[in-house]
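Take a look at the structure set out below.
Computed over heavy atoms, backbone and side chain alike; hydrogens, waters and symmetry mates excluded. These numbers were taken from a predicted model, which means no experiment stands behind them. Below, chain A is the first sequence line, B the second, and so on; all start at residue 1.
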Number of protein chains: 2
Amino acid sequence: MNTDHRSGCPINLSLEVFGDRWSLIILRDMIFGGRRHFRELLNGSIEGIASNILADRLKRLMELGMLTKADDPSHKQKAIYSLTEMAISLVPILAHLGAWGRVWLPVSEELSIRAELLEKGGPPMWEQFMVDLRHEHLGAPARASGPTVRAILQAGYEAVVARKALAAVRDPA
Amino acid sequence: MNTDHRSGCPINLSLEVFGDRWSLIILRDMIFGGRRHFRELLNGSIEGIASNILADRLKRLMELGMLTKADDPSHKQKAIYSLTEMAISLVPILAHLGAWGRVWLPVSEELSIRAELLEKGGPPMWEQFMVDLRHEHLGAPARASGPTVRAILQAGYEAVVARKALAAVRDPA
DNA sequence: AAATCCGATTGCATTTTGCAATCAGTTGCA
DNA sequence: TGCAACTGATTGCAAAATGCAATCGGATTT
């Protein structure tokens with residue numbers, strides 16, 4: 001059980017889990033981007049993770065109980081990574097982190113619209129999102145009605161992108 | 001403005017601020033431990049930070065706008081580090097992080113009692129705590145009445161330590 | 001006058017990271 | 001059938017970060 005921790009402080013132990021530059025990025029892409037495969041995570045993240053780091057972090061997150069891995073039945077070579085409840089319960093923290101970053105850091109509009117929507121939706125929206133994720137990743141029952149939270153966030157993102165593209169056409173720099 | 005960031009994503013930018021093993025530990029010790037001096041931070045943290053890392057992180061956090069440094073008037077050699085609003089507004093995130101760690105990680109009872117109290121106090125208690133911190137670090141007005149939140153957390157900690165010591169006396173292993 | 005405390009700094013070995021190339025097996029398509 | 005593209009990784013290597021111990025010059029305490 002006690003495998004070499006610096007201290008039993010909750011904040012310290014949390015840092016030992018994702019106190020690095022990539023683990024939370026991977027979880028972000030799985031949670032908000034819906035990515036489930038190695039290549040999706042490798043090519044999909046804007047930040048450009050290296051494949052050896054990705055492999056290492058996926059392994060680590062699995063050992064920590066944040067992810068599981070299964071064979072993709074439709075594709076003998078593909079592996080599907082799933083979030084565990086431990087990872088899904090990070091949603092409120094990611095929402096707070098996004099809100100904090102929006103206030104204090106030089107975020108871009110496109111990439112912070114999701115954080116803004118999630119902040120406005122508040123804890124009820126986070127809870128809906130977690131239900132969606134449990135459905136996707138743990139096989140739990142889906143919500144009865146309405147679009148998924150990820151679809152809502154994605155729609156907001158696309159609206160911003162479209163609006164900026166339109167503005168660029170109208171007013172070429 | 002744009003000084004070499006991996007992306008404008010709020011979560012990524014947040015990770016660039018404290019996505020390492022020490023920055024949040026230092027902020028934790030300042031926020032919850034009330035430490036203001038280099039030596040207090042050096043000797044006070046259970047995890048045992050090295051002096052060169054501490055010096056580097058203090059400098060970094062100052063450059064990022066999370067801390068300020070001032071001369072201690074009572075001691076020509078001492079420097080006092082203060083939290084900025086940017087750092088104080090991390091309190092809700094630290095509270096969530098502590099709550100998450102308490103559920104999913106092998107925390108020790110002594111070191112997680114603060115997180116437990118903060119969780120039970122909820123957002124109203126966090127807000128009180130932030131008012132206290134603004135008073136301590138920014139010279140803002142103090143709350144009119146009642147003990148500081150840190151004093152409450154500290155009392156809880158000491159109660160646990162005392163209870164465990166008593167149990168050890170009564171039942172020597 | 002001596003010892004201790006102050007916020008660091010230095011040197012050095014170890015570990016982690018970043019990057020590019022590569023791997024063997026699987027799949028899709030001509 | 002042949003072959004290119006794609007699958008989840010692995011390897012080698014240079015650069016950066018970390019951990020650790022010793023040390024610094026000045027200030028304060030005893």
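In the 5' to 3' direction, nucleotides of DNA chain D lying under 4.0 Å from heavy atoms of chain B begin and end at D/dT18 to D/dT28.
One finds a salt bridge joining B/R150 and B/E136 here, because a Lys/Arg side-chain nitrogen approaches an Asp/Glu carboxylate oxygen to under 4.0 Å. A salt bridge links A/R57 to A/D20: at least one charged side-chain nitrogen sits closer than 4.0 Å to a carboxylate oxygen.
Side-chain atoms of A/Q77 come within donor-acceptor range of the base of C/dG25, with a qualifying N/O pair under 3.5 Å.
Applying side-chain contact (heavy atoms from CB on, under 4.5 Å) to B/S112 and the options B/V107, B/L117, B/V160 leaves one that passes, B/V107.
For the pair B/V131/B/Q128, no side-chain contact is recorded, criterion being any heavy-atom separation below 4.5 Å from C-beta on. Residues B/P92 and B/M130 have side chains in contact (heavy-atom distance under 4.5 Å, counting atoms from C-beta outward). The side-chain heavy atoms of A/L41 and A/L58, taken from C-beta on, include a pair separated by under 4.5 Å.
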Criterion salt bridge (charged side-chain N to carboxylate O under 4.0 Å, His left out) on B/R60 and B/E16, from CA distance to verdict: CA-CA 11 Å; B/R60 223 179 88 84; B/E16 291 187 15; over 6 Å; no
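When every heavy atom of A/K78 is checked against every heavy atom of A/H37, the shortest pair comes out as CD-CE1, 3.9 Å.
In this structure, the CE atom of B/M62 is 13 Å from the P atom of C/dG7, given to the nearest Å. In this structure, B/H75 atom NE2 and C/dC5 atom C1' are separated by 7 Å, rounded to whole Å. Between the CD1 atom of B/I80 and the C1' atom of C/dG7 there is a distance of 13 Å, given to the nearest Å.
Taking the six-membered ring where the residue is Trp, B/H96 and A/W126 present perpendicular rings, their angle passing 60° and hence far from 30°.
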Between the protein and nucleotides 15-19 of chain C, list the N/O to N/O atom pairs that are separated by less than 3.5 angstrom.
from, atom 1, to, atom 2, distance (Å)
C/dT17, OP1, A/R57, NH2, 2.9
C/dT17, OP2, A/R57, NH2, 3.1
C/dG18, OP2, A/W22, NE1, 2.5
C/dC19, N4, A/N52, OD1, 3.4
C/dC19, N4, A/N52, ND2, 2.2

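If you check residues 23-35 of chain A against DNA chain D, you find no residue with a heavy atom closer than 4.0 Å.
If you check every strand for non-hydrogen atoms under 4.0 Å, A/K59 touches nothing.
Inspection of the B/W100 and A/S89 side chains reveals an N or O donor paired with an N or O acceptor under 3.5 Å.
Toward the 5' end of DNA chain C, the nearer of the two residues A/R39 and A/S74, judged by each one's closest nucleotide, is A/R39.
The backbone N or O of A/Y81 sits less than 3.5 Å from a side-chain atom of A/R36, completing a donor-acceptor pair.
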